[in-house]
Amino acid sequence: MQEELMHHIKCAPGQLGRYVILPGDPGRVEKIAAFLDNPHHVQTYREYTTWNGTLEGETVTVMSTGMGGPSIAIGVEELKKCGAEVLIRVGTCGGIDASLVPGTLIIPTGAIRKSGTGLEYVPVEYPAVPNFDLVMELNAAAERLGLPHANGIVECKDSYYGQHAPETMPVEDELRSKWKAWKRAGAIGSEMESDTLYLVAGIRRMKAATVLLLCRNREREDATGLTDTCWDTANAIQTAVEAIRSMILNSKPSQESLRSSARYLK
């Protein structure tokens with residue numbers, strides 16, 4: 001068994017579920033696993049903390065990825081080797097669209113490729129987009145739960161402080177110019193991992209999507225003079241769990257189908 005362990009996540013094929021929820025923060029894993037049945041710790045190594053639980057009898061894994069593209073790319077590669085098929089990133093983001101109120105869930109339909117990891121996979125012209133069906137599952141889950149949500153493009157960058165303190169950077173003019181371009185083009189949020197997740201998962205033939213809590217919107221603050229924040233990720237977690245539960249239930253044959261099959265076999 002030891003020889004089969006993945007080099008970084010320290011898990012082996014057969015240990016994890018087909019469905020995986022991916023927070024960035026290792027400290028958020030146990031909180032997410034508590035939304036599952038029978039949650040239990042599997043492994044902790046480096047930035048990757050892994051728990052399993054079940055939904056409707058199916059194993060669901062929660063694994064942290066740390067921050068940024070390189071870390072999530074390694075995690076996705078090794079999850080693939082362990083049998084994972086469906087990935088939902090649960091995280092937070094800042095706002096670009098001034099109309100969005102903190103607490104809104106952002107379910108991206110695509111990501112601006114400002115991070116560098118994806119360039120090690122495909123040229124920059126290749127788009128970073130989530131799986132369409134999985135985005136629709138997340139939208140439907142948020143609607144069933146009655147949670148405010150928005151779809152749109154998010155910026156994914158490598159430098160957190162490039163966004164939050166551009167004046168300290170030698171490339172300040174470039175950073176501010178691109179931020180202005182994202183706003184004018186209609187981007188709605190900014191984070192650090194989704195573009196890499198979409199690229200690596202798609203290339204490895206996995207389904208991936210993201211649900212993000214809009215925790216702070218400085219553009220809205222500048223426009224209104226009001227400072228509102230929201231740091232409770234429970235709604236984003238519930239949306240991911242509800243989407244996975246729906247997929248599991250829809251993948252199972254209905255009772256009527258089972259009865260029909262039984263009559264046929266007789």
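Computed from a predicted model, the values in this text were never measured in an experiment.
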- Item | Between CZ on residue R176 and CD on residue Q163, distance to nearest 0.5 Å | 11.5 Å
- By side-chain hydrogen bond (donor to acceptor under 3.5 Å, both in side chains), which residues pair with E193, not counting sequence neighbours? R89
- Are V60 and I88 joined in one hydrophobic group, where the rule is that I, L, V, M, F, W and Y side chains link up if heavy atoms are under 4.5 Å apart? yes
- Query: Using 4.0 Å as the upper bound for N to carboxylate O, is an ion pair formed by E85 and K207?
  - Reply: no
- Polar contact flag, side-chain donor to acceptor under 3.5 angstrom, S71-E47: yes
- Determine whether V20 and V76 fall in the same hydrophobic cluster, where Ile, Leu, Val, Met, Phe, Trp and Tyr are linked whenever their side-chain heavy atoms lie under 4.5 Å apart. yes
- Message: So, applying side-chain contact (heavy atoms from CB on, under 4.5 Å) with I153, which one of I188, T109, I96 is it?
- Response: T109
- Message: Any heavy-atom pair between the side chains of V86 and R18 that's under 4.5 Å?
- Response: no
- Could you give the distance from CG (N52) to CG (N38), rounded to the nearest 0.5 Å? 10.5 Å
- Please report the C-alpha distance between Y161 and T168 in whole Å, then the side-chain angles of each, then the deciding distance to 0.1 Å, and finally whether the side-chain contact (heavy atoms from CB on, under 4.5 Å) criterion is met. CA-CA 9 Å; Y161 289 104; T168 68; 5.6 Å; no
- Query: Under the side-chain hydrogen bond (donor to acceptor under 3.5 Å, both in side chains) criterion, do T210 and S194 qualify, and how do the steps go?
  - Reply: CA-CA 7 Å; T210 305; S194 288; 2.9 Å; yes
- Item | Contacts of type side-chain hydrogen bond (donor to acceptor under 3.5 Å, both in side chains), residue Y19, not counting sequence neighbours | none
- So which heavy atom on A33 is nearest to which on P39, and how close? O-CB, 3.3 Å
- Do you know which two heavy atoms are closest between G116 and D158, and how far apart they sit? N-OD2, 3.0 Å
- Query: Taking all atoms of both residues into account, what is the closest heavy-atom pair of C230 and L213, and its distance?
  - Reply: O-CD2, 3.3 Å
- List the steps, then state whether side-chain contact (heavy atoms from CB on, under 4.5 Å) holds for Y45 with I9. CA-CA 6 Å; Y45 189 72; I9 68 173; over 6 Å; no
- Message: My understanding is that only residues two or more places apart in sequence, or in another chain, count here; which of them pass side-chain hydrogen bond (donor to acceptor under 3.5 Å, both in side chains) with R216?
- Response: E221
- Do you know which two heavy atoms are closest between S159 and M169, and how far apart they sit? OG-CE, 4.1 Å
- Message: Could you measure the distance from the CZ atom of R218 to the OG1 atom of T229? Nearest 0.5 Å is fine.
- Response: 10.5 Å
- Item | Closest non-hydrogen atom pair between A240 and L138, with its separation | CA-CD2, 4.0 Å
- Query: Would L134 and M247 count as a side-chain contact (heavy atoms from CB on, under 4.5 Å) if you check the C-alpha gap in whole Å, the side-chain angles of each, and the deciding distance to 0.1 Å?
  - Reply: CA-CA 9 Å; L134 199 45; M247 285 185 284; 3.4 Å; yes
Give the table of side-chain donor-acceptor pairs shorter than 3.5 Å for residues 21-30, with sequence neighbours excluded, one pair per line with atom names and distance.
residue	atom	partner	partner atom	Å
D25	OD1	G27	N	2.8

- Query: CZ/R204 to CD/E77 distance, rounded to the nearest 0.5 angstrom?
  - Reply: 4.0 Å
- Should Y48 and K10 be marked as a side-chain contact (heavy atoms from CB on, under 4.5 Å) after you check the CA-CA gap, both sets of side-chain angles, and the distance that decides it? CA-CA 9 Å; Y48 305 105; K10 297 301 181 187; over 6 Å; no
- Begin with the C-alpha distance, continue with both residues' side-chain angles, and end with the deciding distance and a verdict on salt bridge (Lys or Arg N to Asp or Glu O under 4.0 Å) for K157 and D195. CA-CA 9 Å; K157 73 276 187 180; D195 64 332; over 6 Å; no
- Note on the structure: Applied to residues 104-119, the salt bridge (Lys or Arg N to Asp or Glu O under 4.0 Å) test, sequence neighbours excluded, yields K114-E155
- Nearest-0.5 Å distance, CD of residue E219 to OG of residue S190: 10.5 Å
- Give the minimum heavy-atom separation between P108 and P130, together with the two atoms involved. O-CG, 3.3 Å
- Query: Atom CG of L105 and atom CG of L147: how far apart are they, to the nearest 0.5 Å?
  - Reply: 5.5 Å
- Give the cluster check for L87 versus I244: same hydrophobic cluster or not, with ILVMFWY residues linked at side-chain heavy-atom distances below 4.5 Å. no
- Item | Any residue meeting side-chain contact (heavy atoms from CB on, under 4.5 Å) with S99, in chain and number order, not counting sequence neighbours | D97
- Salt bridge K178-D173, side-chain N to carboxylate O under 4.0 Å: no
